[in-house]
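In what follows, chains are A, B, ... by sequence order, proteins preceding strands, each numbered from 1. Please read all numbers here as calculations on a predicted model, not as lab measurements.
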Amino acid sequence: MSEISKTYEPQAVESKWYQYWLDKKFFAGDARSPKPAYAIVIPPPNITGVLHMGHVLNAAMQDILARKARMDGKEVLWLPGTDHASIATHLVLERELKKTERLTRHDLGREKFIERAWGWKEKHGSIIIQQLKKLGCSCDWTRERFTMDPEYSRCVSKVFVDLFNKGFIYRGKRMVNWCPATLTALSDEEVDMEPQKGFLYYFKVEVAEQPGTFLTIATTRPETIPGDTAIAVNPKDPRYAAFIGQHAIRPLPSELPREKKLIPIIADEHVDFEFGTGVLKVTPAHDKADFEVGQRHNLPAVEIMTPSAMMNDLAGADMSGLDRFAARKVAVEKLRELGSLVKEEPYENKVGFSQRARVPIEPRLSEQWFLKYPSAEQARRCVASGEMKFHPDRWAKVYDHWMGNIQDWCISRQLWWGHRIPVWRRKVTSEDGGLKMEQGEDGRGNSLAGAHSTSSVYVGVDPPPDPEAWEQDPDVLDTWFSSWLWPFATMGWTGDKGIDSKNETLKKFYPTTDLVTAPEIIFFWVARMIMAGYEYMGEMPFRNVYFTGIVRDKLGQKMSKTLGNSPDPLDLIAKYGADAVRFGTMRSAPLGQDVLFDEKDVELGRNFCNKLWNACRFRQMQGGEAQGEIDPGRLRSDEKWILLKLDRAISEVTDSLAAYKFSEAGQTLYRFFWSEFCDWYLEASKPVLQGRSRQGPEADAGQPKDPMPPPAGAAEEEQRTNTLAVMDFVLSHTLRLLHPVLPFITEELWHGMGYEHDMPENQGGQTIQFAPWPKPLDQDFKGFYGLDDCYIEIVDAKYELVTQGRNLRREANIPFNKKVKFIFKPVGAVPPNDVDVLKVLLNAETLEITLDYQPKKGTPTAHSELGELFMPLEGLIDLDAEKARLAKELEKAALEITKVEQKLNNPAFVGKVPTTVLQEHQKRLSDWQAKQTYLQKALEGLGEK
RNA sequence: GCGCGCUUAGCUCAGUGGUAGAGCAUUUCCCUCACACGGAAGGGGUCGCAGGUUCAAAUCCUGCAGCGCGCACCA
C-alpha cells in the first residue's frame, strides 16, 4: 500500500480478492475439520430470477453470519444452490414461447418443452449465482446444488414413495384451487385473497310446493346458478323453517323444463342468516364451502365450467362457451328477463387469485394427490417450546397458528417442468378411455420396502420392471415438495431415514445453525422444512430462523419487476462497490422491520468505506512498523480512552450480531469508527504524530514539572511510536469487526497495512476472514495498560471542553481556520499532552494556562469540569447580539433550574430514588446554577462597557 | 371477523421507567498537510389520541384512531 489514492476504488480490489479467496478455497466447508460446525443453507433462488434487493439483503445477512462464524473459529459451510421453480419457470417459458414462436407448450410437446426448460436453466440458472459472487458471498461453490439434480430428484421420489407407503400421501377427488390460466391445481398458499369490486345480486326462486311463494337469494356469482343443486337455510332461522324439505325452482338454465330445475331446500348450520337474505344457493362443484355442504347432504355436484373456466353445455345455451365473467353478465340479463332479479347492489368481497398467474382461481372438483403433513406435532412443538428460535420471535406465533390449522397439501401440478410423480398405472383401455386408479386397494402403511405395487398401480422410485405396460402419472410435484428437503438433500442424503453414518457432511453440518429467509415463505418453505427435517432426519433442520424484512422502495411499495422500482444491485455495486451496498443494506435493516431502500444508504456505505480507507492511509503516511508493542507507561489519556471505547464497541457489536440485530451492529461500528476513532482519537493524535507538540513556554505552566524529563527528541520519538502502536492495535481490531460486513476493503487494508504479518498462517496470516474475532479486553489487559473506566469520563470532559471552545468561536463568528488565542484556567493539573491536544483541536494560536486569570467582563467563556476556557476578544463584536444571546441562555438556565429544583424538593422523589439518580440531579442543578451565575456576570459585563 | 406489526425531528428509523437519539435533509463557517465520498458548530420533537399505574412514562396497563400485514367457507 505504498502509493494509495485519495479515494477508495472498489472495482479492482473486489475482483482481485474474490478470485484470491476462491483460489485458496477459503469458502470450503470441510466435513472432517475438528472445528465446531456452523452451517447455513441458502434459500435457493429461482432459476428464473435475477438478483434483486431482496436477495441482496438476504445474502448479505447470511454472509455476515458466515464470515463472523469463520472468525469465531467455526468450520463454516454456506451451501448454495438454485430452485427449479416449477410453476414460475413454466410461466416464463410459456410466455416466451408464445411471444417468439406463437406456440403453446402443447404444440411443442412435453419432451421438447422440458428440453427447453433445461436449456433455460443452463443459460439463466447461473446468472444469479454470478451476481451473488459479485456481492462477495462466501458460499462453498463446490457444493452448489439444484433441486432437479439427479441425486436430489431421487430423494424427492423416495420421499414421495415413503410418504405414500406410510399413508400420508393419497389421491382423491376434492375441491382444489384451480388456476384457469395455467390449468393446474394450486396449494392454498399459492392463492392470494384480494378485494374485488363487484355486485351482490339478489334473485328470487319459487318454492315448488307453494306456487307464488318466492325465496330471495343473494349471490356474487349468478353464472353458477345452473350448477346449484340445493338451496340452504339455517335450521335455526325462523323465517325459513317452513320451507325446509321443500323444493325450489332454479331459474337457470331457462330452457330446461321445470322438473329438471327442482332443487331441495335444505338446512345447514353453515348458513349465516345475517348475510344477504339468509338464503344460500349451493353450488357444490364450484365453491369450497358449498362442496362441503354438498357432502353433508349428499348433493350432486354439477360441473358447469371447463378447466379454463369457460361455461360448458350444462350451463345452458345462453352461457355455454362463454368465459365466466362474460357469463355472469349474461346470467344477470337472463334473470332480469325472467323477472327473477330483485336488485343488485355494489359489493366488495375478497377473491382468491392465483399468485403466479394473477387471475382469479376457480374452485374446482379435481382428482389430485394430497399430503397429510408428517411430523407436524413435533414441528409445532419445537418452535413453541423455544427449542428452535425465530427472530424476531413474533413469527413463532404466526407459525404456531398455521401449524394448528393446517389442511392437507395438494402436491400435484398439471405441469411438465418439475419432479414427475413416481406413480405408474397399468395401461388399460377402460370404457371412458381414461386411466383409473384402483380404489380401495392402494392400502396404507404396507410393509413393502420401496416400491408399492398392486395389479394396477405402481409407486416406486424407479420405473416399474416392465415399463411398456405402465403409464406414468403425467403430473409433477409442487416445487415446495422438493424445497422442503433442501437442508439435507443438498448434503448428500440418499433417502434413508436418519443420518447415514458414512455421510460426513450430514454428520458434521446437520442440523444447520441459522436459516435466513423472508417471512413470506414461512408456510411455503420454513414450516415444511421443519416437518421434513423431523420426519427424515429425526431432528430439526436449523436451530435459528432469522426473518428479514421485505425490501420496499422509498414510498413503501414492495419492490417488483413490474413496478420497475427495484434498482439493479449490479448497477449499485458497479457504482458504489459491493461493500457499500452491503453496509447500506445492513444498516437500514432493523430486526424484523421492512426495509425502505434508498440509494442514499448505499452512498453512506460508500462514504464509510472511503473514510476507512483514508484513516488507514493516514496511518500509513506516518510510517513506522505496523503493530509495535504498546508501552503502558507512555499511554496518553486519549489512548486509554480509545482502547476503552474499542472494548465497548467489541462487546456491543458482538452482542448485536448474536441477537441478529444487524442494523444495531452497523450503527455501533459507524459510531465507533467515525465519531470516536476518526473525529476524536485520530485528531487527538496529531499533536504527537505531526510534531505539533512543541509548545511555547506556556505549555507546562500551572503544573508540576516532570522530575526527570527525557531528552526531547528521543522522548518525542518514543511517544510517537507508541501512539502508532495503539493506532495499529485499534485499526487491526476495527478491520476485523468490520470484515463480516465489508469483506473486500477490510481484506485489502488488512494486507495493505501489513497486519497479516503478525498472524499465524491459518488465523489471519493469509486472509482476514480467519483472523480471530476481537474479544472484549480482559481484566489483565486492562490492568496492565492502566485502562480504568474513569478515563472515559476524564477524556470525554476534555473533548467536551473542546466542543465548548469551538462553540465560543462560532458564537463570536470567528472562522475555524483562523488561529485564536485561548486562555485556560484549569481546576487541577493539566498533563502536557492535554495542553497539546486542546491546542490542536481548538486550532488555537496559543493556549495559555493561567491559574489566576481575571477575564475582562464579557469575555466569552466556556465552563467545564476541567476548568474555564476564555477566548479574549480583541476585535469588535456585536454587543447587542451578544446581549440577546446571553439573555436567551439565561432564560433557559432558569427554566432548567426550576425543573430540577421541583424534583429535588419533592419528598417522594428524594425518598424513593436511588442515590445515584439523586446525585445526578444535584450535579445537574449545580451545573446549571454555575452557568446561570456566569451568564449573569457576562451580561453585567457587557452592560458596563 | 380474529390475530400481528407500526405510529418518536422535514424523511427513514433507534430508543422497554430516571436530563429525548442516529443517519439523511437543513442553517452557518471552513478546500487546516487522511478524507469536500471531508471537517466544525447549530437549528429542529407537547414521542398518534384519551385515560390509568408510578415520586417519575416515549417506555408499563386500558381504550380509541390511522396505516400496513397475515389468517378466515360470509355466499
Side-chain angles (χ1 to χ4, degrees), chain A residues 4 6-8 175 193 200 217-221 224 232 270-272 274-283 287-293 347 349-350 363 392 394-395 397-398 401-402 405 519-520 522-523 550 554 556 576 580 587-588 590 592-598 600-601 603-622 661 663-664 666-667 670-671 675 678-679 682-683 686 690 802-804 806-811 813-819 840-841 843 896 899-900 903 906-914 916-918 920-921 924 928:
Chain A
I4 40 180
K6 270 175 101 163
T7 51
Y8 171 57
M175 215 52 187
M193 300 305 277
L200 192 58
I217 303 172
T219 182
T220 53
R221 301 202 65 186
T224 62
H270 162 252
V271 181
D272 174 1
E274 302 276 311
F275 186 89
T277 57
V279 186
L280 172 70
K281 67 192 260 313
V282 183
T283 327
D287 184 280
K288 215 173 167 185
D290 289 5
F291 177 72
E292 283 161 26
V293 175
Y347 185 71
N349 67 338
K350 298 227 176 159
R394 64 189 157 88
W395 294 109
K397 264 190 226 167
V398 177
H401 182 253
W402 189 77
N405 296 284
E520 301 159 289
I522 184 168
F523 309 135
I550 295 166
K554 269 190 276 193
Y576 299 103
R587 220 176 142 281
S588 58
Q593 289 302 121
D594 285 356
V595 181
L596 267 68
F597 178 81
D598 188 342
K600 288 265 180 202
D601 293 323
E603 211 176 296
L604 182 84
R606 190 252 337 242
N607 295 354
F608 186 83
C609 289
N610 193 244
K611 189 78 177 174
L612 181 63
W613 181 259
N614 273 291
C616 288
R617 196 162 76 98
F618 174 77
R619 163 64 191 92
Q620 273 313 72
M621 291 165 77
Q622 305 308 318
K661 293 180 175 172
S663 65
E664 195 178 88
Q667 282 193 27
Y670 190 92
R671 185 208 66 218
S675 312
C678 292
D679 288 349
L682 221 72
E683 296 302 323
K686 285 182 178 174
Q690 300 182 335
V802 170
T803 301
Q804 290 192 32
R806 288 166 172 169
N807 201 0
L808 294 181
R809 275 175 176 277
R810 176 188 148 87
E811 280 165 358
N813 249 331
I814 314 241
F816 193 78
N817 59 350
K818 183 171 181 187
K819 300 231 176 206
V840 168
L841 294 187
N843 197 23
E896 290 293 332
K899 258 165 74 180
V900 183
K903 272 188 156 183
N906 182 345
F909 175 77
V910 177
K912 291 209 178 182
V913 145
T916 49
V917 176
L918 216 54
E920 274 172 35
H921 279 77
R924 235 164 77 202
W928 280 110

Counting any heavy atom closer than 4.0 Å, what does [X] reach on the DNA or RNA strands: base, sugar-phosphate only, or nothing?
| X | answer |
| --- | --- |
| A:N405 | nothing |
| A:E664 | nothing |
| A:L682 | base |
| A:C678 | base |
| A:R806 | sugar-phosphate |
| A:H270 | base |
| A:L280 | base |
| A:K288 | nothing |
| A:K903 | nothing |
| A:D679 | sugar-phosphate |
| A:Y576 | nothing |

Less than 3.5 Å between a donor and an acceptor, one on the side chain of [X] and one on the base of [N], is that the case here?
| X | N | result |
| --- | --- | --- |
| A:K6 | B:C35 | no |
| A:Q804 | B:A41 | no |
| A:K686 | B:A34 | yes |

With both distances under 3.5 angstrom, what nucleotide forms a Watson-Crick or G-U wobble pair with [N]?
| N | result |
| --- | --- |
| B:U26 | B:G42 |
| B:C64 | B:G48 |
| B:A72 | none |
| B:U59 | none |

Taking C-beta and beyond as the side chain, do [X] and [Y] meet within less than 4.5 Å on heavy atoms?
| X | Y | result |
| --- | --- | --- |
| A:T224 | A:K281 | yes |
| A:H270 | A:E292 | no |
| A:R619 | A:L682 | no |
| A:N349 | A:L200 | no |

With rounding to whole Å, what would you report as the distance between [N] and [M] at their [atom1] atoms?
| N | M | atom1 | result |
| --- | --- | --- | --- |
| B:G66 | B:A50 | C1' | 15 Å |
| B:U59 | B:A14 | C1' | 13 Å |
| B:G18 | B:A25 | C1' | 32 Å |
| B:G17 | B:C67 | P | 31 Å |

Quiz item: 5'-most contact on RNA chain B: A:Y8 or A:W402, nearest heavy atom basis?
Solution: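 Counting from the 5' end, the first nearest nucleotide belongs to A:Y8.
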
Quiz item: RNA chain B: A:E274 or A:A908, which has the more 5' nearest nucleotide?
Solution: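 First, find each residue's nearest nucleotide; the 5'-ward one identifies A:A908.
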
Quiz prompt | Gap between atom OG1 of A:T803 and atom CG of A:L808 - 0.5 Å precision | solution =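 Between A:L808 CG and A:T803 OG1, I get 11.0 Å after rounding to 0.5 Å.
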
Exercise. Determine whether the side chains of A:N614 and A:R617 contain a donor N or O and an acceptor N or O closer than 3.5 Å.
Key: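 A:R617 and A:N614 do have a side-chain donor-acceptor pair below 3.5 Å.
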
Self-check item: Backbone N/O of A:L841 and side chain of A:R806: donor-acceptor pair under 3.5 Å
Solution: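 Such a contact is found between A:R806 side chain and A:L841 backbone.
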
Protein and nucleotides 42-44 of chain B: nitrogen or oxygen contacts under 3.5 angstrom:
residue	atom	partner	partner atom	Å
B:G42	OP1	A:N807	ND2	3.1

Self-check item: Euclidean distance, atom NZ of residue A:K350 to atom C1' of B:C71 [Å, nearest integer]
Solution: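 Nearest whole value for this atom pair: 9 Å.
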
Quiz item: Can you check the A:N349 CG to B:A75 C1' distance for me, whole Å?
Solution: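 Value for this atom pair: 9 Å.
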
Quiz item: With a distance cut-off below 6.0 Å to the six-membered ring centre and an angular limit of 45° from the axis, does A:K611 pair with A:Y670 as a cation-pi contact?
Solution: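 No.
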
Practice problem: Measure up the A:H921 and A:F909 rings against each other and bin them: parallel (under 30°), tilted (30 to 60°), perpendicular (over 60°). | Solution: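 Perpendicular, since the angle between the ring planes exceeds 60°.
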
Exercise. Return no unless some side-chain N or O of A:Y347 is found under 4.0 Å from OP1 or OP2 of B:A75.
Key: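 The answer is yes; a side-chain N or O of A:Y347 sits under 4.0 Å from OP1 or OP2.
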
